[in-house]
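Proteins come first, then strands; the chains are lettered A, B, ... in the order of their sequence lines, and each starts at number 1.
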2 protein chains.
Amino acid sequence: MRVVGEQPRARDANATRARILAAAKSEFARLGLAGARVDEIARQACANKRMIYHYFGGKEDLFRAVLVEAYLDIRNAEQELELDHLPPREALERLVRFTWAYYLDNPEFITLVNSANLHRGKHLEKSERLQTASRRFVSMVQEILDRGVVDGVFRPGIDPVQLNITIAAIGYYYLTNRFTGTILFERDFMENKALEDRLAFNIDTVMRLVLV
Amino acid sequence: MRVVGEQPRARDANATRARILAAAKSEFARLGLAGARVDEIARQACANKRMIYHYFGGKEDLFRAVLVEAYLDIRNAEQELELDHLPPREALERLVRFTWAYYLDNPEFITLVNSANLHRGKHLEKSERLQTASRRFVSMVQEILDRGVVDGVFRPGIDPVQLNITIAAIGYYYLTNRFTGTILFERDFMENKALEDRLAFNIDTVMRLVLV
DNA sequence: TCAGTAACGCACTAGTTAGTTACTTCTTGC
DNA sequence: GCAAGAAGTAACTAACTAGTGCGTTACTGA
């Protein structure tokens with residue numbers, strides 16, 4: 001790995017671990033768990049393959065670590081939205097826009113989640129950190145709904161989990177199936193106008209769902 | 001493959017081809033393109049591996065054939081719905097119920113589509129058969145929308161492709177991500193009550209989207 | 001009936017792949 | 001300043017995997 005004449009890289013366990021994790025995220029997202037190659041991950045991380053086994057244990061454990069990190073990343077981003085400062089309608093629209101933008105900006109998140117579910121979720125063991133983050137997220141949506149009901153703009157009785165799933169679904173499905181969609185429906189799913197139209201349609205869908 | 005003393009199987013090219021295709025669909029759906037094993041597909045099809053290369057050319061060509069068949073299957077099933085005989089509201093609700101039921105009864109369809117898109121759709125070349133079937137499907141939805149507008153129950157200007165995508169999305173996402181969903185949201189996504197609730201929520205979502 | 005062809009099967013190969021062994025080099029706490 | 005352990009490396013292996021060469025067996029049509 002090291003070229004003759006180069007200085008040996010300064011030893012930095014955290015940096016090496018992080019480089020491996022980033023390379024693994026990219027490769028697992030691109031090719032799936034079975035399609036990704038440990039050697040290629042090591043090469044992209046500028047690390048020796050042995051280090052992967054040293055820090056993570058094995059290919060599947062590395063995949064596990066990538067998944068947990070990906071989920072924590074999105075939950076952290078969601079927390080930074082500070083939706084509780086906004087009026088309920090604006091808060092909800094902002095959540096729909098954020099979800100859409102997050103999927104667009106982090107396409108690897110979608111394929112990682114797909115891979116996790118192809119393997120029936122067995123790499124995402126119950127994690128208190130993740131479940132706490134999810135609970136906080138559901139509470140946040142519940143609070144927006146409650147405030148909307150009090151304000152008389154939202155109808156009561158909406159399940160925040162179902163609403164969450166729907167908000168994710170209408171963006172996620174469009175983007176994850178954009179390749180087959182483009183072929184079957186004979187329109188470019190990724191051109192600017194198409195993306196704007198879809199976002200507008202999704203905001204409309206969610207608003208009609210919750211408004212009185 | 002053949003046990004001593006058994007009669008050689010009667011030669012039937014169509015049957016062998018079909019057995020290979022069925023085994024391939026099952027294995028590709030279960031493990032993805034990279035995870036599936038050609039030897040295992042041959043074993044499950046009770047066929048010699050050589051026959052896969054004889055009939056289909058190679059692993060990727062076999063995957064291609066599986067994909068096209070899967071799409072033609074769902075489009076055929078959709079055509080048998082005969083929604084044009086129903087009043088617009090009933091027709092649309094029936095479409096939502098059908099889509100949901102189809103994903104539930106054919107879980108391999110979902111993972112095959114996911115795999116196709118992981119590989120950026122390159123195994124689903126432009127196929128006149130598939131595109132014709134898709135066009136007919138979009139027309140069917142367009143016709144329901146038009147009739148609804150004439151009847152004064154649906155609002156005008158709804159894009160049938162966007163509506164289709166949304167109908168698919170709200171069922172597909174829930175089912176494809178049921179494993180990670182069950183862990184993160186701490187509720188069983190597949191128990192009867194949960195499935196009923198989701199279907200009801202989805203019908204509600206679509207109706208609120210189209211009704212005046 | 002028999003030659004030609006399509007279906008089928010066995011055994012092999014060349015290349016790949018996750019994981020390991022056995023080592024060297026650097027850093028740090030004392 | 002030095003022992004001990006952590007970081008890093010190269011070469012290896014055993015198992016696997018897609019694909020093939022080549023021969024055999026059963027239909028089929030003339």
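Put simply, CG on A:Asp61 is 8 Å from P on C:dG19, counting in whole angstrom units. Atoms CD1 (B:Ile52) and C1' (C:dA7) sit 15 Å apart, rounded to a whole Å. As rounded to whole Å, 15 Å separates atom P of D:dA6 from atom CZ of A:Arg17. As rounded to whole Å, 15 Å separates atom C1' of D:dA18 from atom CD of B:Glu40. When rounded to the nearest whole Å, the span between CZ of B:Arg43 and P of D:dT17 equals 13 Å. The distance between atom CG of B:Asn48 and atom P of D:dC22, rounded to the nearest whole Å, is 17 Å. The separation between B:His54 atom NE2 and C:dC10 atom P is 17 Å, rounded to whole Å. Put simply, CE on A:Met51 is 14 Å from P on C:dT20, counting in whole angstrom units.
Among the heavy atoms of the strands, none lies under 4.0 Å from B:Ala34. Residue A:Ala36 is classed as a sugar-phosphate contact, given heavy-atom separations below 4.0 Å to backbone atoms only.
OP1 or OP2 of D:dG21 has not a single side-chain nitrogen or oxygen of B:Tyr53 nearer than 4.0 Å. One finds no side-chain N or O of B:Arg37 lying less than 4.0 angstrom from the OP1 or OP2 phosphate oxygen of D:dC16. At D:dG19, none of the side-chain N or O atoms of B:Arg50 fall inside 4.0 Å of OP1 or OP2 (strictly under the cut-off). In this structure, A:Thr16 does not reach the D:dA7 phosphate: none of its side-chain N or O atoms is under 4.0 Å from OP1 or OP2.
Using a 4.0 Å cut-off between charged side-chain N and carboxylate O, B:Lys25 and B:Asp73 make a salt bridge. Salt bridge B:Arg97/B:Glu90: absent, no basic N to carboxylate O contact under 4.0 Å. Under a 4.0 Å N-O distance rule, the pair A:Asp39/A:Arg43 does not qualify as a salt bridge.
The distance from atom CG of B:Asp204 to atom CG of B:Leu209, rounded to the nearest 0.5 Å, is 11.0 Å.
With a 6.0 Å radius and a threshold of 12 heavy atoms from other residues, nucleotides or ligands, A:Arg135 has its CZ atom above the threshold.
Distances were taken from every side-chain heavy atom of B:Asp39 (C-beta onward) to each of D:dG8, C:dC10, D:dA18; the shortest belongs to D:dA18.
In the interface, the side chain of B:Lys49 is not paired with the base of C:dG9 through any donor and acceptor atom under 3.5 Å apart. For B:Lys59 against D:dG19, a side-chain-to-base donor-acceptor contact under 3.5 Å is absent.
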